[in-house]
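This report refers to the structure that appears directly beneath it.
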Protein chains: 2
Amino acid sequence: MTSTDGSGPRPTKQRLAVLEALASVDDFRSAQEVHEILSSSGSPVGLATVYRTLQLYADQGDVDVLRREDGEAIYRRCSETHHHHLVCRSCGATVEVEGPAVERWTTSMAAEHGFTAVSHTLEIFGTCAACS
Amino acid sequence: MTSTDGSGPRPTKQRLAVLEALASVDDFRSAQEVHEILSSSGSPVGLATVYRTLQLYADQGDVDVLRREDGEAIYRRCSETHHHHLVCRSCGATVEVEGPAVERWTTSMAAEHGFTAVSHTLEIFGTCAACS
DNA sequence: GGCCGTTTGACAACCATTCTCAACTCTGAT
DNA sequence: ATCAGAGTTGAGAATGGTTGTCAAACGGCC
Ligand SMILES: [Zn+2]
Ligand SMILES: [Zn+2]
Ligand SMILES: [Zn+2]
Ligand SMILES: [Zn+2]
């Protein structure tokens, strides 16, 4: 429901397959990993298309993006509301977390320094219970 | 303060030059940009050495690293205490900010979900007063 | 001076990501 | 159904940041 006119991106077989692949796992995956999943699941999609699709959905806000330490982009299908992530460094397990106080803090901090059109990123990394 | 024995990395001319280049600007710069600064300032340092040096200091915690939207790593010489950043999307102007409440929130959030060995990243992006 | 581990730098290699472009697929009219 | 045109795909080439290679240069030490 990102657009209502008929001119938006088409829900093609490939695009739906990418979303399904993301939905089939619970943690963040790179474009190449999504491409892998699709190939081994019998509905292969071109690598370029996977890249295009992921960034399409990322722009629409339908998938979350963050970066591994080496800079590689990883994607996850998350809930629609604004949230942040608690990610296990070892197994990748991901928990969505919310913190209204943090949201307020970032906005007030930005206002205090005269910044406008503010956004923010916040991720927490650690070792989950299963991995420790 | 990262090592006290005499076997640590040597403070070579090139390494000091890299630190100086970073100190000469106030915002985050990429490795290639640091290499540029050094070249045009009359004390050129090999690009590979710039990369090695920046990640050396980053590992030691002497410089902060974050990533542009396209994934490129950028570096900045910051204060020694733990802090976060308010960065102008347009001109790159950077302000260091601290928020004890946020620090507490991340730790309690991690503990609540059984995560240990926790770290976190938090950056705020916006348009600074001068650019708006 | 000569020895030896560290550091450097030019260049090649790597690899995630983007570009190119011809073939393909919808959709909506005719 | 047919056709035109816009949107989409995929294989491969190209891009570009980053890392690896390795011989030469350096620095402390005997
Ligand atoms: Zn999310
Ligand atoms: Zn938030
Ligand atoms: Zn900093
Ligand atoms: Zn913090």
Side-chain angles (χ1 to χ4, degrees), chain A residues 2-22 28-60 62-76 92, chain B residues 2-22 28-60 62-76 92:
Chain A
T2 310
S3 72
T4 39
D5 57 11
S7 65
R10 299 176 187 162
T12 63
K13 192 177 346 188
Q14 289 88 341
R15 285 174 180 161
L16 294 175
V18 166
L19 277 192
E20 248 183 66
L22 271 188
F28 282 87
R29 297 299 172 100
S30 72
Q32 317 239 18
E33 287 167 345
V34 171
H35 178 250
E36 273 284 316
I37 295 177
L38 289 166
S39 297
S40 58
S41 80
S43 41
V45 174
L47 183 56
T49 300
V50 173
Y51 273 102
R52 280 185 296 236
T53 303
L54 286 174
Q55 86 186 20
L56 169 71
Y57 284 126
D59 289 345
Q60 292 183 182
D62 292 332
V63 306
D64 279 5
V65 194
L66 56 87
R67 302 229 166 230
R68 295 215 169 107
E69 287 203 25
D70 65 352
E72 191 176 2
I74 50 181
Y75 306 82
R76 181 174 189 263
Chain B
T2 309
S3 71
T4 38
D5 56 11
S7 65
R10 298 176 188 163
T12 63
K13 191 177 345 186
Q14 288 88 342
R15 285 174 180 163
L16 295 175
V18 167
L19 276 193
E20 248 182 65
L22 270 188
F28 282 86
R29 297 298 173 100
S30 72
Q32 317 237 21
E33 287 167 346
V34 170
H35 178 250
E36 273 285 315
I37 295 177
L38 290 166
S39 298
S40 59
S41 81
S43 41
V45 174
L47 182 56
T49 301
V50 173
Y51 273 103
R52 281 186 295 239
T53 303
L54 286 174
Q55 81 187 25
L56 168 71
Y57 284 127
D59 288 346
Q60 290 183 184
D62 292 332
V63 307
D64 279 5
V65 194
L66 56 87
R67 302 229 166 230
R68 295 215 169 108
E69 286 203 29
D70 64 353
E72 190 176 4
I74 49 181
Y75 306 82
R76 180 176 189 262

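All chains are named by letter (A, B, ...) in the order of the sequence lines, taking the proteins before the strands, and each is independently numbered beginning at 1.
Rounding to the nearest 0.5 Å gives a distance of 11.5 Å between CG of A:D62 and CG of A:L54.
The side-chain contact (heavy atoms from CB on, under 4.5 Å) test applied to A:A17 returns A:L38, A:V45, not counting sequence neighbours. Evaluation of the salt bridge (Lys or Arg N to Asp or Glu O under 4.0 Å) rule for A:R29 yields A:D27 as partners, not counting sequence neighbours. Not counting sequence neighbours, B:Y75 has no partner by the ring pair (Phe, Tyr, Trp, His ring centres under 6.0 Å) test. Listed by chain and number, the residues in a side-chain contact (heavy atoms from CB on, under 4.5 Å) with A:I74 are A:F28, A:S30, A:L66, A:R68 (sequence neighbours excluded).
Taking every heavy atom of residues 11-19 of chain A and every atom of DNA chain D, pairs under 4.0 Å involve A:T12, A:Q14, A:R15, by number.
The environment of A:E20 atom CD is sparse: at most 12 non-hydrogen atoms of other residues, nucleotides or ligands sit within 6.0 angstrom.
Side-chain contact check for B:T49 versus B:V18: every heavy-atom pair is 4.5 Å or farther apart.
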Would you tabulate the nitrogen or oxygen pairs shorter than 3.5 Å linking the protein to nucleotides 15-21 of chain C?
| residue | atom | partner | partner atom | Å |
| --- | --- | --- | --- | --- |
| C:dA16 | OP2 | A:Q32 | NE2 | 3.2 |
| C:dA16 | O5' | A:Q32 | NE2 | 3.2 |
| C:dT17 | OP1 | A:A73 | N | 2.9 |
| C:dT17 | OP2 | A:Y51 | OH | 2.8 |
| C:dT18 | OP2 | A:Q55 | OE1 | 3.3 |

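Under the 3.5 Å distance criterion, the side-chain polar atoms of B:R15 are matched with a main-chain donor or acceptor of B:R10.
Rounded to whole Å, atom P of C:dT6 lies 7 Å from atom CZ of B:R10. Remark: C1' of C:dC11 and NE2 of B:H35 are 13 Å apart, rounded to the nearest angstrom.
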